Amino acid sequence: MKRRTWFTIIAIAIIIGVYVYEYVLVEAEQAEIVLEGKEAKANTNAFFLPTSTTNQIIHHNGYSLSYSEPHEQAEWVAYELKKSHLSNTNHKRPYFEIDKAVKTGAASWRNYKNSGYDRGHLCPAADRRYTKAAHDETFLTSNISPQDHQFNAGIWNTLEQKVRYWARKYNGVFVVTGGVLSGRMKTIGSEGVSVPNYFYKVLIDSNSGKTKMIAFLMPHKDSSKPLYEFVVSVDEVEALTGIDFFPELADELENKLEASRSYKDWSF
DNA sequence: CTGTTCAAC
DNA sequence: GTTGAACAG
């Protein structure tokens, strides 16, 4: 054979080799994500997970989420905030990363760049400070929603601090949170990330005596009102979002707790 | 705590 | 790209 023919054969072999190598890498990565998901699921209190209206639930080690592809964000993020999770350790704030576990492709952080909106955490970084890994895991684009800075640093931040206060006081709480992804919404970035008009937070405590719930629904703007002014029933959040929050709970208890908008069992 | 921006390496 | 400091509520 001519030397040129050999060059051609070797060149083709190299190209094929690279493709096969990359294919194997991607497969291995996917397998790893699935495995991580399974391990993570074992860590989460699956009993309290809501239903997914989007059919795409993802389990990370520190939280689970249901991703809405049309809105390029999670419809809910859920996690258990144990008393033992509360930590004062400081970790350096990392860059946000695209969540590779989202099969339909999670939003890029670039959508938020110069959008005028914060990359607002759903599972707050401050709730996962017990390890660096747990902290950094909250910096995935599947865990953020566009939030007005005054809102995020204001009333929403106040609510997040109250959740930590309750986790301390009641020996842990289970948290479900997200933006209300319905109605007319503004979008940001080339991928069209929806800007929710409301954010909600639903809590359940089954660690300190009788099971209790509380839900908050907040317009996406800062407020100086007291937190309890934003308390609604879980049923109201369900009606707005289409999410069924605690389907595994015994129906009688679920119906009773979710219909109530009383906050007498929660100390402010 | 919640974040963003900008300069230097 | 990474890192660190300054800034704002």
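The chains referred to below are lettered A, B, ... by the order of the sequence lines, with proteins before strands, and numbering in each begins at 1. These numbers come from a predicted model, not from an experiment.
- Checked options R164(A), H85(A), K82(A); the residue passing with D127(A) is R164(A) (criterion: side-chain hydrogen bond (donor to acceptor under 3.5 Å, both in side chains)).
- Ranking dT3(C), dG3(B), dG9(C) by closeness to the Y95(A) side chain, first place goes to dT3(C).
- Going from atom CZ of R93(A) over to atom P of dA5(C) covers 17 Å, rounded to whole Å.
- Remark: C1' of dA8(C) and NE2 of H149(A) are 6 Å apart, rounded to the nearest angstrom.
- Among the heavy atoms of the strands, none lies under 4.0 Å from G154(A).
- Distance, D222(A) CG to dG3(B) P: 14 Å, rounded to whole Å.
- Among the heavy atoms of the strands, none lies under 4.0 Å from Q147(A).
- At a threshold of 4.0 angstrom between heavy atoms, the contacts of N157(A) include nucleobase atoms, whether or not backbone atoms are also involved.
- Between the P atom of dT2(B) and the CG atom of L159(A) lies a distance of 13 Å, rounded to the nearest Å.
- Of the residues near DNA chain B, F96(A) and N90(A), the one whose nearest nucleotide (by heavy atom distance) lies more toward the 5' end is N90(A).
- Classification of D148(A) and K221(A) as a salt-bridged pair fails, no side-chain N sitting under 4.0 Å from a carboxylate O.
- Between the S64(A) side chain and the A78(A) main chain, no donor and acceptor come within less than 3.5 Å of each other.
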